[in-house]
Amino acid sequence: MLSDKSRRYDLILSDTYRGEQSRGDAAVLDMVNDFRGNRFCPLVVFSASARPAELQPSAFVIWAEKAEDRGIEKAIEQMLATGIPQAARHLHDELDRLAGSYLWEFLEENWEQLKAGGHIRSEMMGRLVRRRAALQLAELVATEAGVQQVSEVHGLEFYIYPPLNLTQYSLGEIVRSRKNKNDVRVILTPHCYLALHPGQPVPRAEFIQTVKAVPVKSVLGEEKIGNAKAALSQQRDKKLKSWVTPPSGQDVGKPEGRYWYLPSFLDIPHMYCDFMQTESLPYKLAREEFDSVCVLSPPYAESLQACYGAFYGAVGIPNVRPASIVGFLD
């Protein structure tokens, strides 16, 4: 059953099987190694004997002692508390529902027209359905009132981790200096210059444009943060939204539109991308001296780029002298 790749599991419970004496605990170790990194399924492994030395417990591989009072039950409860088994079940159900609705409600109704237009090819159908399902999974949420578009997100949802492409940079990629962990930047260079084009050994971007991120506290100051903490819940929430809605409002710092909020992630604190602190780095130097931490997922990377362009796209002209237009009041 475990070797059948077509079977899906939300959670696996397994005793350590002791087969041939020469193999020892190899069976359960083979199972763990096969699932770790390859299947979206956590494991609870238990035995009345000692834990195999080669079995490395983690957040999603839990070891339980059969002899301990409620040992297996506790391990199951601990795993369910992560939400991962439930997420696996919901993901499978949602994929069926969303991909199914796309198949019957759109593709079936428009199939002949799509086929006549030369849009349908067998090699791209899987990608088409997968992309549509991914968009719906990311942007829709089931509520009591029915399926609705997501209107609020958690900070962690800004990111895809690790970077999808380890061989090249992407727009919105967050990098950090190996020498100075406080030096955090986001790449602003468009995708087309960062991609490896056919027949080319390196991207077209000899340099990459980066915007530096600075800690939120250094921008807002202790007084603003203290006032927000002391405010009533409704007032505090309104203030927080104004500080994190891109680009951040006048209350954050001047000039308006200068800052773009970057939520905390792992050991990186809450930060602001400061459009007045941009720097172009040689591509080779960036690769040698910076580590990729994560990538802003769409549409956040595009939002950052648009806000950056709007900030520097502003055109300033001299103010008209009031005395010269006093006739305006007549």
Side-chain angles (χ1 to χ4, degrees), residues 151-160 169-177 180-191 193-194 205 207-231 235-282 285-286 289-290 292-320:
S151 59
E152 293 184 337
V153 297
H154 294 278
L156 192 64
E157 295 180 67
F158 273 51
Y159 307 105
I160 296 173
Y169 285 129
S170 299
L171 168 68
E173 191 151 342
I174 300 171
V175 298
R176 180 166 55 180
S177 170
N180 179 9
K181 297 301 182 183
N182 295 321
D183 186 355
V184 178
R185 308 175 184 212
V186 185
I187 294 176
L188 293 170
T189 305
H191 286 297
Y193 295 109
L194 297 170
F207 295 82
I208 58 171
Q209 185 73 8
T210 66
V211 57
K212 291 187 178 182
V214 294
V216 161
K217 289 184 177 180
S218 69
V219 176
L220 295 176
E222 295 294 338
E223 183 177 355
K224 282 185 182 179
I225 293 174
N227 290 339
K229 284 182 179 179
Q235 294 173 328
R236 184 193 62 210
D237 289 351
K238 183 178 180 181
K239 180 67 67 178
L240 288 173
K241 284 187 177 182
S242 73
W243 286 348
V244 302
T245 301
S248 299
Q250 186 70 43
D251 191 39
V252 168
K254 297 181 179 180
E256 187 173 0
R258 172 180 175 178
Y259 296 103
W260 196 90
Y261 171 64
L262 195 65
S264 63
F265 185 73
L266 298 178
D267 58 341
I268 296 178
H270 295 280
M271 306 188 87
Y272 281 123
C273 293
D274 182 359
F275 293 145
M276 285 195 166
Q277 294 192 58
T278 58
E279 184 178 5
S280 182
L281 298 175
L285 179 69
E289 297 189 1
F290 286 80
S292 294
V293 179
C294 51
V295 178
L296 289 173
S297 60
Y300 305 109
E302 287 74 12
S303 169
L304 172 65
Q305 188 182 47
C307 292
Y308 170 73
F311 181 73
Y312 280 104
V315 178
I317 59 175
N319 293 324
V320 178

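- The backbone N or O of Val211 sits nowhere less than 3.5 Å from a side-chain atom of Thr278 that would complete a donor-acceptor pair.
- Residues Tyr169 and Ile208 are in side-chain contact: their nearest non-hydrogen atoms beyond the backbone lie under 4.5 Å apart.
- Salt-bridge check for Asp274 with Arg258: passed, with a basic side-chain N closer than 4.0 Å to an acidic carboxylate O.
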| task | Take Trp260 and Tyr308, measure what side chain to side chain contact (heavy atoms under 4.5 Å, CB included) needs, and give me the verdict at the end. | result | CA-CA 9 Å; Trp260 196 90; Tyr308 170 73; over 6 Å; no
| What's the verdict on side chain to side chain contact (heavy atoms under 4.5 Å, CB included) for Phe290 and Asp183, showing C-alpha distance, side-chain angles and the deciding distance? | CA-CA 9 Å; Phe290 286 80; Asp183 186 355; 3.9 Å; yes
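- Leu296 is listed as a side-chain neighbour of Tyr159, based on a closest heavy-atom distance under 4.5 Å.
- Side-chain contact between Tyr272 and Trp243: present, with at least one pair of heavy atoms (C-beta onward) separated by less than 4.5 Å.
- Asn180 and Ser177 get closest at one heavy-atom pair: N-OG, 3.1 Å.
- Applying the 6.0 Å contact sphere to NZ of Lys238 captures no more than 12 heavy atoms from other residues, nucleotides or ligands.
- Residues Glu157 and Tyr300 approach most closely at O-CE1, 3.5 Å, considering heavy atoms.
- One distance of note links CG of Leu171 with CG of Leu188; it measures 7.5 Å at 0.5 Å rounding.
- Judged by distance alone, the side chain of Thr245 and the main-chain N or O of Ser242 form no donor-acceptor pair under 3.5 Å.
- The two residues Met271 and Ala213 make their nearest non-hydrogen contact at CE-O, 3.2 Å.
- Atom-to-atom distance recorded for Glu222:CD and Lys217:NZ is 6.0 Å, nearest 0.5 angstrom.
- Contact record, Lys239 with Ala228: CG-CB, 4.3 Å, taken as the closest heavy-atom pair.
- Across all their heavy atoms, Ser292 and Glu173 have their closest contact at OG-OE2, 2.6 Å.
- Atom CZ of residue Arg185 and atom CD of residue Gln277 lie 9.5 Å apart, to the nearest 0.5 angstrom.
- Nearest heavy-atom pair across Gly257 and Pro247 is CA-CB, 3.7 Å.
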| field | Audit row: Phe275, Leu304, side chain to side chain contact (heavy atoms under 4.5 Å, CB included) steps and yes/no | value | CA-CA 10 Å; Phe275 293 145; Leu304 172 65; 3.7 Å; yes
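- Side-chain contact check for Phe158 versus Cys294: every heavy-atom pair is 4.5 Å or farther apart.
- Atoms CG and CG, on Leu220 and Asp251 in that order, are 8.0 Å from each other to the nearest 0.5 Å.
- More than 12 heavy atoms of other residues, nucleotides or ligands shown are found within 6.0 angstrom of CZ on Phe265.
- In this structure the side chain of His191 reaches within 4.5 angstrom of the side chain of Ser170, judged on heavy atoms.
- Between atom OH of residue Tyr259 and atom CE of residue Met276 there is a gap of 8.0 Å, rounded to the nearest 0.5 Å.
- Interatomic distance, OG of Ser264 versus CG of Leu266, reported as 9.0 Å (0.5 Å rounding).
- Within the 4.5 Å cutoff, the side chain of Leu262 has heavy atoms near those of the Ile174 side chain.
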